[in-house]
Amino acid sequence: MSLAFINHFWEGKIKLWKSYWLVGELLNGIILLIIFNLEIYFFNTNSSVSQIPFLDFTNLTILSKTIIFLWTIFISIGIWRAAENYKGNLIWIVLTFIIVAYRCYSLRLIFFI
């Protein structure tokens with residue numbers, strides 16, 4: 001990703017569907033899988049997991065949890081700003097706000113469970 005794309009994403013100048021689906025879902029999933037696999041490789045955490053759909057983020061190191069926290073805040077702000085700039089149907093804006101707010105709210109689970 002280029003610096004210009006990151007800057008446009010942060011400012012909400014990327015279309016809402018690209019911000020949500022490409023960065024918020026696809027890239028977010030890839031980043032989380034990379035972090036999860038690095039945890040297994042370097043720290044041998046979560047190595048007892050036999051199925052990928054049940055990723056356990058409570059056993060991650062504080063470094064990984066911090067990276068996930070900062071990454072989630074970054075993508076949430078970019079998606080939120082893209083929704084604010086969206087000129088289409090109001091329902092997509094409201095649904096995006098709900099999903100982004102829930103994503104931020106669910107961050108507490110990686111630290112407190």
Student: Let's go through Phe5 and Ile14 carefully: what are the C-alpha distance in whole Å and the side-chain angles of both, what is the deciding distance for side-chain contact (heavy atoms from CB on, under 4.5 Å) to 0.1 Å, and is it a yes or a no?
Tutor: CA-CA 8 Å; Phe5 179 80; Ile14 306 292; 3.6 Å; yes

Student: To the nearest 0.5 Å, how far apart are CG in Leu3 and NE2 in His8?
Tutor: 10.0 Å

Student: Under the side-chain contact (heavy atoms from CB on, under 4.5 Å) criterion, do Ile68 and Ile110 qualify, and how do the steps go?
Tutor: CA-CA 9 Å; Ile68 291 171; Ile110 66 170; 4.0 Å; yes

Student: Just wondering, more than 12 heavy atoms not from Tyr86 lying within 6.0 Å of its OH?
Tutor: yes

Student: Which atom pair, heavy atoms only, marks the closest approach of Ile73 to Cys104?
Tutor: CD1-SG, 4.4 Å

Student: Can you tell me how far CG of Asn85 sits from CD of Glu11, rounded to the nearest 0.5 angstrom?
Tutor: 9.5 Å

Student: Check whether any side-chain N or O of Asn37 sits under 3.5 Å from a backbone N or O of Leu33 as a donor-acceptor pair, and report yes or no.
Tutor: yes

Student: Assess the residue pair Phe9 and Ile75 against the criterion (side-chain contact (heavy atoms from CB on, under 4.5 Å)); give the C-alpha distance rounded to whole Å, side-chain angles, the decisive distance to 0.1 Å, and a yes or no.
Tutor: CA-CA 8 Å; Phe9 174 76; Ile75 62 172; 4.3 Å; yes

Student: In Å and rounded to the nearest 0.5 Å, what is the NZ to CD1 distance from Lys18 to Ile79?
Tutor: 14.5 Å

Student: Would you please test Leu22 and Leu27 for side-chain contact (heavy atoms from CB on, under 4.5 Å) and show each step?
Tutor: CA-CA 6 Å; Leu22 297 181; Leu27 188 59; over 6 Å; no

Student: Could you state the interatomic distance from CD1 (Ile34) to CG (Leu38), rounded to the nearest 0.5 Å?
Tutor: 7.0 Å

Student: With distance as the sole test, does Ser64 use its side chain to make a donor-acceptor pair with the main-chain N or O of Leu60 at under 3.5 Å?
Tutor: no

Student: Test: salt bridge (charged side-chain N to carboxylate O under 4.0 Å, His left out). Region: residues 66-75. Which pairs qualify, not counting sequence neighbours?
Tutor: none

Student: Once rounded to the nearest 0.5 Å, what's the spacing between atom CG of Asn28 and atom CH2 of Trp21?
Tutor: 12.5 Å

Student: To the nearest 0.5 angstrom, please state how far the CG atom of Leu16 sits from the CH2 atom of Trp92.
Tutor: 9.5 Å

Student: Which atom names give the shortest non-hydrogen contact between Ser19 and Gly78, and what distance separates them?
Tutor: OG-O, 4.5 Å

Student: Does the structure place the NZ or CZ of Arg103 under 6.0 Å from the centre of the six-membered ring of Tyr105, at an angle of no more than 45° from the ring's axis?
Tutor: no

Student: Can Phe74 and Trp10 be said to form a ring pair (Phe, Tyr, Trp, His ring centres under 6.0 Å), step by step?
Tutor: CA-CA 7 Å; Phe74 171 75; Trp10 177 256; 5.6 Å; yes

Student: Return the set of residues passing side chain to side chain donor-acceptor pair (under 3.5 Å) with Tyr102 (not counting sequence neighbours), or none when no residue passes.
Tutor: none

Student: Using side-chain heavy atoms (C-beta onward) and a distance below 4.5 Å, is Ile99 in contact with Tyr20?
Tutor: yes

